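As the structure is a prediction and not an experimental result, all values here were calculated from the model. We're numbering straight along the sequence, starting at 1.
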Amino acid sequence: MKIQINGQEQQFTEETSIKLTDILSEMDVNHQRGIAIAVNDRVIPKSEWTQSELADGDVIEIIRATQGG
């Protein structure tokens, strides 16, 4: 299964379904605070991250909030 994450194509095995939280764990992303995620241009609410299954060809954008001025 190929999934694009922030413009980079990633390859995953298709043995089991891949959920959004699996991707975050594999990327070592702290998914508790300060990030927003869109899959195929649809923002996914944090409450749906554990149920959101990904499919071949999905495009994911992970946006991290930063402070600045």
Side-chain angles (χ1 to χ4, degrees):
M1 177 185 314
K2 292 181 184 178
I3 297 173
Q4 189 179 72
I5 303 171
N6 290 350
Q8 301 289 319
E9 190 171 281
Q10 304 285 327
Q11 183 81 28
F12 296 93
T13 61
E14 294 185 51
E15 295 175 13
T16 59
S17 63
I18 298 175
K19 296 190 189 280
L20 199 49
T21 50
D22 297 331
I23 298 291
L24 295 174
S25 294
E26 188 166 315
M27 295 178 63
D28 198 28
V29 172
N30 181 353
H31 57 276
Q32 297 301 315
R33 304 177 80 172
I35 65 170
I37 299 176
V39 177
N40 302 324
D41 294 324
R42 179 182 168 264
V43 175
I44 307 298
K46 213 175 261 197
S47 61
E48 295 178 18
W49 289 1
T50 57
Q51 303 115 352
S52 295
E53 292 190 15
L54 302 171
D56 189 41
D58 279 349
V59 177
I60 300 170
E61 291 294 327
I62 301 172
I63 302 156
R64 294 183 181 140
T66 58
Q67 293 183 346

>> With a 4.5 Å cut-off on side-chain heavy-atom distances among I, L, V, M, F, W and Y, is there a chain of contacts connecting Ile18 to Met27?
In response: yes
> For Lys2, does its backbone N or O pair with a side-chain atom of Asp56 as donor and acceptor, under 3.5 Å?
Replying inline: yes
>> Please determine whether residues Val43 and Ile3 belong to a single hydrophobic cluster, defined as Ile, Leu, Val, Met, Phe, Trp and Tyr linked transitively by side-chain heavy-atom distances below 4.5 Å.
In response: no
> Taking only residues two or more places apart in sequence, or in another chain, which ones meet Gln4 in a side-chain hydrogen bond (donor to acceptor under 3.5 Å, both in side chains)?
Replying inline: none
> So, do Ile37 and Ile23 sit near enough that their side-chain heavy atoms are less than 4.5 Å apart?
Replying inline: no
> For the residue pair Gly34 and Lys46, what are the closest heavy atoms and their distance?
Replying inline: N-NZ, 4.5 Å
>> Can you give me the closest heavy-atom contact between Lys19 and Thr50, atom names plus distance?
In response: CD-O, 2.9 Å
>> If the condition is salt bridge (charged side-chain N to carboxylate O under 4.0 Å, His left out), which residues does Glu61 pass it with, not counting sequence neighbours?
In response: none
> What residues form a side chain to side chain contact (heavy atoms under 4.5 Å, CB included) with Ile44, not counting sequence neighbours?
Replying inline: Leu20, Val39, Arg42, Glu48, Trp49, Ser52
>> Going by salt bridge (charged side-chain N to carboxylate O under 4.0 Å, His left out), name the residues that satisfy it together with Glu26, two or more places apart in sequence or in a different chain.
In response: none
> Partners of Gln10 by side chain to side chain contact (heavy atoms under 4.5 Å, CB included), sequence neighbours excluded?
Replying inline: Ile5, Gln8, Phe12
>> Could you work out, with side-chain hydrogen bond (donor to acceptor under 3.5 Å, both in side chains) as the rule, every residue matching Asn40, not counting sequence neighbours?
In response: Asp58
